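Notes follow the structure.
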Amino acid sequence: MGSKPSRRKPNGPYLPTRTDAWLVQRMLAIYLPLELVDIILEDAMYGPRIHAFEDEHTRLSASQASDNDASQCCLITPPLPGPNELGWEWTNAKKIVFKISSHDQGWGGEPRLSGRYAGAYSWFEVIILRPTSLEQPWMDEHEKRIDDLFLEYTKENLVLPSPDDLQAFGYRYGESPLNDGGTRWMLQRNARANGATKNHEVTWTMDGASGDAGSGDGAGFVSALQWGDKVAVIARAQVRSSGQYITIISLIRVSPVPGLGKSC
């Protein structure tokens with residue numbers, strides 16, 4: 001299983017490139033001051049985006065992991081874009097959207113809990129994979145192989161690589177002081193003891209978050225993103241007592257929206 005980056009998915013969203021955004025800016029600048037053009041484009045969130053999706057079904061069993069605590073990467077985005085020949089420079093990301101279809105094993109859980117998500121032992125987290133170098137020859141060599149290395153490592157071991165092991169891959173984990181210096185962000189819990197597939201959509205921005213019950217607030221995630229970063233979604237499952245908790249992932253889309261920056 002691997003991530004499938006795409007500019008356009010059939011019947012999916014149009015994803016403007018940096019060239020597209022530059023051309024629209026140039027066209028609007030014929031009639032409007034450049035400062036106003038940049039405000040319009042930023043308000044419209046019209047800028048280069050990245051998009052990744054995974055539509056293979058995955059079953060994650062905590063009982064197969066050490067200490068009955070499983071972590072498996074199910075999606076990695078392409079790297080967030082940096083400066084290019086048109087003069088676009090990286091500015092802070094504006095928004096990231098996650099779409100998930102999943103469910104747990106459909107039984108178990110503690111009795112007398114309020115709400116559908118309290119006490120759920122299967123969920124999703126998000127991490128940032130940050131390259132240790134942004135030099136282009138280095139990026140060309142390492143960026144192409146980190147996805148397969150990271151996906152295969154977590155699939156075989158059901159645990160994330162240690163910081164030292166990840167360093168050997170040429171990457172490190174990104175963190176944020178707003179996340180208490182942690183490198184994992186809670187994304188979405190599955191509904192407790194419910195085997196029916198449920199669709200969740202979670203949006204994180206610089207200013208806050210929106211989502212269904214059981215979603216995380218993404219504190220400091222968007223502001224922590226830098227160009228060259230990859231966003232990875234991690235499926236988690238734990239066993240309590242003799243219960244086996246399973247996460248099934250049928251579709252995940254991740255769409256960071258970088259800011260436009262200024263043209264030459």
Side-chain angles (χ1 to χ4, degrees), residues 1-3 52 54 56-77 96 98-110 113 115-129 147 150-163 165-166 173-176 179-202 204 209 211-221 230-254:
M1 180 177 66
S3 306
E54 179 55 66
E56 295 183 14
H57 292 260
T58 298
R59 170 170 159 161
L60 177 63
S61 174
S63 64
Q64 297 177 358
S66 175
D67 299 325
N68 295 322
D69 188 354
S71 299
Q72 182 177 337
C73 181
C74 47
L75 179 71
I76 304 177
T77 70
I96 181 166
F98 305 88
K99 295 182 180 180
I100 302 169
S101 299
S102 64
H103 63 84
D104 77 353
Q105 66 184 7
W107 55 269
E110 300 177 9
L113 290 173
R116 300 176 59 190
Y117 296 90
Y121 286 91
S122 60
W123 69 96
F124 297 91
E125 297 174 341
V126 185
I127 62 172
I128 298 171
L129 297 175
D147 292 20
F150 197 85
L151 288 162
E152 192 62 30
Y153 184 98
T154 63
K155 182 178 181 180
E156 290 183 358
N157 299 283
L158 296 182
V159 67
L160 298 190
S162 69
D165 288 339
L166 188 61
Y173 294 114
E175 60 184 39
S176 168
N179 193 37
D180 297 325
T183 58
R184 297 189 184 201
W185 282 261
M186 165 63 72
L187 175 58
Q188 178 68 54
R189 290 189 178 277
N190 283 317
R192 181 183 69 257
N194 189 328
T197 299
K198 182 172 176 56
N199 299 321
H200 296 281
E201 181 168 332
V202 181
W204 293 343
D212 300 325
S215 62
D217 62 8
F221 184 85
K230 289 171 167 280
V231 176
V233 177
I234 311 298
R236 298 292 312 278
Q238 290 180 340
V239 171
R240 179 177 174 83
S241 299
S242 59
Q244 181 179 352
Y245 293 83
I246 299 169
T247 298
I248 298 178
I249 308 117
S250 58
L251 177 64
I252 299 177
R253 291 192 181 96
V254 186

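Starting from 1, each residue takes its place in the sequence as its number. All figures in this text were calculated on a predicted structure; none of them were measured in a lab. Just so you know, these numbers use all the heavy atoms, side chains as well, and skip hydrogens, waters and symmetry mates.
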| query | Between Ala235 and Cys74, what is the shortest heavy-atom contact and its length? | reply | N-SG, 4.2 Å
| message | Determine whether a donor-acceptor pair (N or O, by modelled atom type, separation under 3.5 Å) exists between the side chain of Thr77 and the backbone of Val231. | response | yes
| Are Ile234 and Thr154 close enough, and set up right, to give a side chain to side chain contact (heavy atoms under 4.5 Å, CB included), and what steps lead you there? | CA-CA 9 Å; Ile234 311 298; Thr154 63; 5.6 Å; no
| said: Is there a side-chain contact between Arg184 and Leu160 in this structure, where contact means two heavy atoms from C-beta onward sitting under 4.5 Å apart? | reply: yes
| field | Test item: Asn190 and Phe124 side chains (from C-beta on) under 4.5 Å apart, heavy atoms | value | yes
| Atom OG in Ser63, atom CD in Gln238: separation rounded to 0.5 Å? | 13.0 Å
| said: I need the minimum non-hydrogen distance between Trp123 and Met186, along with the two atoms involved. | reply: CD1-CE, 3.4 Å
| query | Rounded to the nearest 0.5 Å, what separation is found between the OG atom of Ser215 and the CD1 atom of Ile100? | reply | 9.5 Å
| request: Under the side-chain contact (heavy atoms from CB on, under 4.5 Å) rule, collect the residues that match up with Asp217, sequence neighbours excluded. | output: Ala219
| field | Note, Tyr173 side chain near Pro161 side chain (heavy atom, < 4.5 Å) | value | yes
| field | Sequence-distant partners of Ser162, side-chain hydrogen bond (donor to acceptor under 3.5 Å, both in side chains), two or more places apart | value | Asp165
| Smallest separation among heavy atoms of Trp185 and Ser176, with atom names | CZ2-CB, 3.6 Å
| Value rounded to 0.5 Å, distance of CD1 in Ile96 from CZ in Phe221 | 4.5 Å
| field | Leu60 side, atom CG; Lys155 side, atom NZ - distance, nearest 0.5 Å | value | 12.0 Å
| said: Nearest 0.5 Å, please: how far is CD in Gln72 from CG in Asn157? | reply: 10.5 Å
| said: To check you understand the geometry: which heavy-atom pair defines the closest contact between Ser101 and Asn199, and what is its length? | reply: OG-OD1, 2.6 Å
| said: Looking at every non-hydrogen atom in both residues, tell me the closest pair between Ala70 and Ala62 and how far apart they are. | reply: CB-CA, 4.0 Å
| Are the side chain of Gln188 and the backbone N or O of Ala213 linked by a donor-acceptor pair below 3.5 Å? | yes
| side-chain contact (heavy atoms from CB on, under 4.5 Å) against Glu201, all qualifying residues, sequence neighbours excluded | Val97, Lys99, Thr203
| message | Pair Val202, Trp204 - check side chain to side chain contact (heavy atoms under 4.5 Å, CB included), show working. | response | CA-CA 7 Å; Val202 181; Trp204 293 343; 3.4 Å; yes
| task | Answer yes or no: is there a side-chain heavy-atom contact under 4.5 Å between Ile127 and Phe150? | result | yes
| query | For Asp69, what residues pass the salt bridge (charged side-chain N to carboxylate O under 4.0 Å, His left out) criterion, not counting sequence neighbours? | reply | Arg236
| request: Please identify each residue that fulfils side-chain hydrogen bond (donor to acceptor under 3.5 Å, both in side chains) with Asp212, with sequence neighbours left out. | output: His200
